[in-house]
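Data first, discussion second: the structure below is written as structure tokens.
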Amino acid sequence: MATWQEFMAAAPELAAFGTERLEEKVAYLATIRADGGPRVHPLTPHIARGCLFVYMDPTSPKAHDLQRDGRYALHCSVEDTNGGKGEFGLRGQAEIIDDPTVRSTLFKAAKAAGYSPQDRYVFFELGIESVLAMTYEGGDAIQKSWKAD
């Protein structure tokens, strides 16, 4: 598992593409329900201080899913049926951010970007296991991928 900072260091062009496709946009987070079934949630991921993170109300089904089983998949929104400006998806393990200093730093970063996290929200760092990006040029799909060591 890698942090966003480690991913950026290992694959800077792919990380830049991911930042462009995810930051300040709605993406789709897939989690695992208690019965083992998949669940998909729209949300806005954030990237700050080398950390890919999400936050939500502690009563949210996605918060319950991630606290019980941290496995996730995240996929950017796509503008049209032709793939828009490209696809970016990743999967890994989410971990709750309990450290008050880290939480405060990420809270401030989200607020500085114009978002309104609440004190009661739970924050998760999204650890990265693998990344897949697709762009479409002249009818051809160009795939790039990355896996953590």
Side-chain angles (χ1 to χ4, degrees), residues 1-32 38-58 60-63 65-67 69-119 121-149:
M1 208 67 57
T3 64
W4 186 265
Q5 185 168 339
E6 292 165 338
F7 167 56
M8 283 190 324
E13 288 181 26
L14 193 53
F17 179 74
T19 298
E20 179 184 312
R21 298 303 297 142
L22 293 174
E23 200 165 47
E24 298 184 18
K25 295 178 177 70
V26 173
Y28 296 92
L29 177 73
T31 60
I32 300 170
R39 188 187 328 250
V40 177
H41 321 263
L43 54 62
T44 303
H46 300 273
I47 301 167
R49 307 265 194 234
C51 179
L52 173 61
F53 69 98
V54 296
Y55 57 80
M56 63 214 60
D57 194 282
S60 165
K62 60 186 165 273
D65 291 349
L66 291 175
Q67 287 171 324
D69 185 335
R71 292 178 292 171
Y72 78 90
L74 181 70
H75 194 280
C76 72
S77 292
V78 180
E79 295 84 0
D80 58 44
T81 58
N82 295 318
K85 294 178 182 174
E87 297 181 52
F88 184 82
L90 51 123
R91 65 184 176 96
Q93 186 80 20
E95 291 191 27
I96 197 161
I97 300 170
D98 283 329
D99 182 293
T101 303
V102 174
R103 183 179 156 84
S104 175
T105 298
L106 298 179
F107 189 95
K108 288 175 186 171
K111 287 193 99 145
Y115 293 89
S116 303
Q118 304 296 310
D119 288 334
Y121 286 1
V122 60
F123 281 60
F124 293 91
E125 180 172 9
L126 301 181
I128 304 167
E129 184 178 316
S130 64
V131 171
L132 179 64
M134 298 283 285
T135 55
Y136 304 92
E137 296 176 17
D140 294 327
I142 300 163
Q143 179 177 313
K144 294 180 182 175
S145 61
W146 179 85
K147 288 188 179 189
D149 293 332

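Residues: numbered from 1 along the sequence shown.
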Go through Phe53 and His46 one step at a time and tell me if the ring-ring contact (aromatic ring centres under 6.0 Å, His included) criterion holds. CA-CA 5 Å; Phe53 69 98; His46 300 273; 5.3 Å; yes
Does the side chain to side chain contact (heavy atoms under 4.5 Å, CB included) test come out yes or no for Phe124 and Met56, once each step is laid out? CA-CA 9 Å; Phe124 293 91; Met56 63 214 60; 3.9 Å; yes
Donor-acceptor pair, distance only, cut-off 3.5 Å: does the side chain of [X] make one with the backbone of [Y]?
{"X": "Lys144", "Y": "Val131", "value": "no"}
{"X": "Thr31", "Y": "Lys62", "value": "no"}
{"X": "Thr105", "Y": "Thr101", "value": "yes"}
{"X": "Arg21", "Y": "Gly86", "value": "yes"}
{"X": "Glu129", "Y": "Gly127", "value": "no"}

Closest approach of [X] and [Y], non-hydrogen atoms and distance?
{"X": "Pro117", "Y": "Phe123", "value": "CB-CZ, 4.1 Å"}
{"X": "Leu66", "Y": "Ala94", "value": "CD2-CB, 3.8 Å"}
{"X": "Pro12", "Y": "Ala9", "value": "CD-O, 4.0 Å"}
{"X": "Leu74", "Y": "Leu126", "value": "CD2-CD1, 4.0 Å"}
{"X": "Met1", "Y": "Gly92", "value": "SD-CA, 3.8 Å"}
{"X": "Leu106", "Y": "Ala48", "value": "CD2-O, 3.8 Å"}

As an exercise, state the distance from [atom1] of [X] to [atom2] of [Y], rounded to the nearest 0.5 Å.
{"X": "Ser60", "Y": "Gln67", "atom1": "OG", "atom2": "CD", "value": "9.5 Å"}
{"X": "Tyr28", "Y": "His41", "atom1": "OH", "atom2": "NE2", "value": "13.0 Å"}
{"X": "Thr135", "Y": "Lys85", "atom1": "OG1", "atom2": "NZ", "value": "14.0 Å"}
{"X": "Ile128", "Y": "Glu6", "atom1": "CD1", "atom2": "CD", "value": "9.0 Å"}
{"X": "Ile97", "Y": "Tyr55", "atom1": "CD1", "atom2": "OH", "value": "12.0 Å"}
{"X": "Arg71", "Y": "Asp65", "atom1": "CZ", "atom2": "CG", "value": "11.0 Å"}

Glu125 and Cys51: side chain to side chain contact (heavy atoms under 4.5 Å, CB included), yes or no, with the steps? CA-CA 7 Å; Glu125 180 172 9; Cys51 179; 3.5 Å; yes
Dump the intermediate steps for side chain to side chain contact (heavy atoms under 4.5 Å, CB included) on Phe107 and Asp119, then the final yes or no. CA-CA 9 Å; Phe107 189 95; Asp119 288 334; 3.6 Å; yes
Over 12 non-hydrogen atoms of neighbours within 6.0 angstrom of CD in Glu79: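 Yes.
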Around Lys147, counting heavy atoms of other residues, nucleotides and ligands shown, do more than 12 lie under 6.0 Å from its NZ? no
Does any part of the side chain of Leu22, heavy atoms only, come nearer than 4.5 Å to the side chain of Leu90, both counted from C-beta? yes
Less than 3.5 Å apart, any donor N or O on the side chain of Tyr136 or Glu87 sitting next to an acceptor on the other? yes
Quick one, Leu132 with Gln143, criterion side chain to side chain contact (heavy atoms under 4.5 Å, CB included). Give me CA distance, side-chain angles, the key distance, then yes/no. CA-CA 7 Å; Leu132 179 64; Gln143 179 177 313; 3.2 Å; yes
Evaluate the ring planes of Phe7 and Trp146, with Trp represented by its six-membered ring, and classify them as parallel (under 30°), tilted (30 to 60°) or perpendicular (over 60°).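 Phe7 and Trp146: tilted rings.
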